[in-house]
Amino acid sequence: MNAQQIVLASRPEGMPTADNFTPQSVELPPIKPGEFLVKNLWMSVDPYMRGRMIDRKSYIAPFAIGAPLEGGAIGEVIESQHPDFPVGTKVSSMLGWRSHYVSDGTEHTALPQTPLSESHFLGVMGMPGMTAWTGLNRIAKLQAGETLFVSAASGAVGSVACQLGLLMGAKVVASVGSDEKAQHLKSLGVDAVINYKSVDNLSEALKHAAPQGIDVYFENVGGDHLAASLDNMNDHGRIAVCGMIAQYNDTAPTPGPSNLANIIIKKLKVEGFIVFEHWQHYPEFAKQMGQWLASGQVKAEQTIYQGLDNAAEAFIGLFQGKNKGKMVVQLNN
Ligand code: NDP
């Protein structure tokens with residue numbers, strides 16, 4: 001059968017553009033014993049994919065020019081000669097950016113029965129939710145009564161970090177790129193929200209939003225957000241360094257904040273992490289998150305683009321603030 005896929009046509013210079021992506025049609029072989037055919041239903045676009053478009057050594061290999069892109073996806077088995085993946089099984093894989101594919105089951109997980117839309121296994125119940133949980137519990141060790149600052153706070157990771165922070169008994173301060181996003185976070189109970197695009201001095205705005213200072217900063221953005229947090233951290237504060245999206249499209253090295261000495265003066269602990277190194281804790285996270293979602297204590301949010309043809313636009317939209325909650329693409333194959 002014919003499958004559609006998106007390949008990396010060229011490496012982006014700065015902000016990715018539509019020309020960096022090419023749709024392709026490929027003929028799939030018939031399945032053999034031990035294999036199954038998957039029709040993808042949902043695919044994820046994530047900021048880390050921008051890093052994989054650069055030809056450099058990192059924690060994960062770069063995408064190759066001319067090869068199909070990869071990323072989280074949820075699909076349905078539509079033909080099978082594999083005993084563990086019968087027809088109708090919903091599977092999670094890293095084989096997004098394509099309509100169909102043949103698998104032998106390697107690195108595939110059958111999804112549990114759940115009342116949730118399967119798409120949430122790419123968001124709040126999947127890698128981004130697990131990232132928020134890991135950063136707060138395992139890296140920053142947030143305590144009740146502390147003040148948490150979250151940047152990119154209405155996105156996939158940030159919106160979960162805010163909600164978990166509130167559940168853990170923290171005062172939560174957030175930063176987002178629009179008034180609408182700010183209002184939305186306030187409706188979820190976030191104590192103070194800054195629209196970073198509308199303030200002249202982020203450090204002053206943060207001081208105003210958190211006059212008691214910040215104990216934990218969940219870092220998603222870098223640059224001026226890191227500098228502002230360093231100005232406002234309390235002694236012995238912790239910074240869980242999750243991402244630095246403000247720098248992902250830079251074409252030249254960006255200077256670091258000039259106030260790094262605050263790490264010494266305030267005796268801060270600054271720790272980077274990659275969620276996949278913590279994946280052995282996924283069952284514990286999934287159990288808790290399943291309960292929070294069922295009880296309504298955590299709200300699962302997503303922005304949905306339709307069709308593989310719009311996947312590149314959805315991906316680029318991450319760097320333009322087009323999403324609230326998890327950005328996903330629904331495939332209509
Ligand atoms: P999001 O869903 O948060 O999407 C990106 C959001 O970032 C946008 O909606 C936008 O919101 C904001 N943004 C984009 N560009 C800028 C900018 N220049 N300055 C400030 N904000 C910006 O993405 P995720 O939740 O998936 O990821 C959040 C961060 O976490 C990223 O840095 C990502 O790389 C990192 N990450 C790290 C992991 C790890 O294991 N360490 C795992 C998963 C994610 P707005 O409108 O508010 O500007």
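We count ligands from 1, going down the list as the structure has it; atoms in each ligand are counted the same way.
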Exam field: side chain R98 to backbone L69, donor-acceptor pair closer than 3.5 Å: yes
Close approach, M127 and ligand 1, non-hydrogen under 4.0 angstrom: yes
C242 near ligand 1 by a heavy-atom separation under 4.0 Å: yes
Minimum-distance protein heavy atom relative to atom 34 (O) of ligand 1: Y248 OH, 2.8 Å
Taking atom 3 (O) of ligand 1 as the reference point, the nearest protein heavy atom with its distance: G155 CA, 3.2 Å
Heavy-atom donor-acceptor pair, N201 side chain to E204 backbone, under 3.5 Å: yes
Part of M327 with heavy atoms under 4.0 Å of ligand 1, whether side chain, backbone, both or neither: neither
Within reach of ligand 1, part of F276 (heavy-atom separation under 4.0 Å): neither
Nearest neighbour in protein (non-hydrogen) for atom 10 (C) of ligand 1: G321 CA, 3.6 Å
Ligand 1-proximal atoms of T131, by part, heavy-atom distance under 4.0 Å: side chain
Element-labelled atoms of ligand 1 that are located less than 4.0 Å from some non-hydrogen atom of A156: 1 (P), 2 (O), 3 (O), 25 (O), 26 (O)
Separation of F315 CZ from I6 CD1 (nearest 0.5 Å): 12.5 Å
Closest protein heavy atom to atom 27 (O) of ligand 1, given as residue, atom name and distance to 0.1 Å: P47 CG, 3.7 Å
Heteroatom proximity flag, V157 to ligand 1, N/O under 3.5 Å: yes
Side chain K267, main chain I265, donor-acceptor under 3.5 Å: yes
is_close_aromatic(H278, F285), centroid dist under 6.0 Å: no
Protein heavy-atom partner closest to atom 8 (C) of ligand 1 - residue, atom, separation in Å: L318 O, 3.1 Å
Any M244 heavy atom less than 4.0 Å from ligand 1: yes
Side chains of S154 and H184, donor plus acceptor under 3.5 Å: no
Salt-bridge present (K266, D231; N to O < 4.0 Å): no
Residue, atom name and distance, where the atom is the protein heavy atom closest to atom 48 (O) of ligand 1: Y196 OH, 2.6 Å
Backbone or side-chain N or O of N323 under 3.5 Å from ligand 1 N or O: yes
Within-cut-off N or O pair, Q320 and ligand 1, under 3.5 Å: no
Option whose closest heavy atom lies nearest to atom 18 (N) of ligand 1, chosen from G158, A246, S175: A246
Nearest non-hydrogen partners of G325 and S159, listed with the distance: CA-OG, 4.2 Å
Minimum-distance protein heavy atom relative to atom 47 (O) of ligand 1: G177 N, 2.8 Å
Lys/Arg N to Asp/Glu carboxylate O, E284 vs R138, below 4.0 Å: no
Side-chain donor/acceptor of Q143 to backbone N/O of K141, under 3.5 Å: yes
Polar atom proximity, G243 to ligand 1 (N or O, under 3.5 Å): no
Contact (N/O only, under 3.5 Å) between H225 and ligand 1: no
Proximity to ligand 1 by part of V275, non-hydrogen separation under 4.0 Å: both
Test item: N234 side-chain N/O and Q212 main-chain N/O as donor-acceptor pair under 3.5 Å: yes
Proximal atoms of ligand 1 relative to V221 (non-hydrogen, under 4.0 Å): 19 (N), 20 (C), 21 (N)
Contact summary for V190 and L166, nearest pair of heavy atoms: N-CD1, 3.8 Å
Protein contact to atom 30 (O) of ligand 1 [nearest heavy atom, distance to 0.1 Å]: N220 OD1, 3.3 Å
Check against side chain to side chain donor-acceptor pair (under 3.5 Å), S151 and Y196: CA-CA 9 Å; S151 54; Y196 70 89; over 6 Å; no
For F273, atoms of ligand 1 separated by under 4.0 Å from a heavy atom: 39 (C), 40 (O), 41 (N)
Closest approach of A61 to R52 (non-hydrogen atoms, all atoms of both residues): O-NE, 2.8 Å
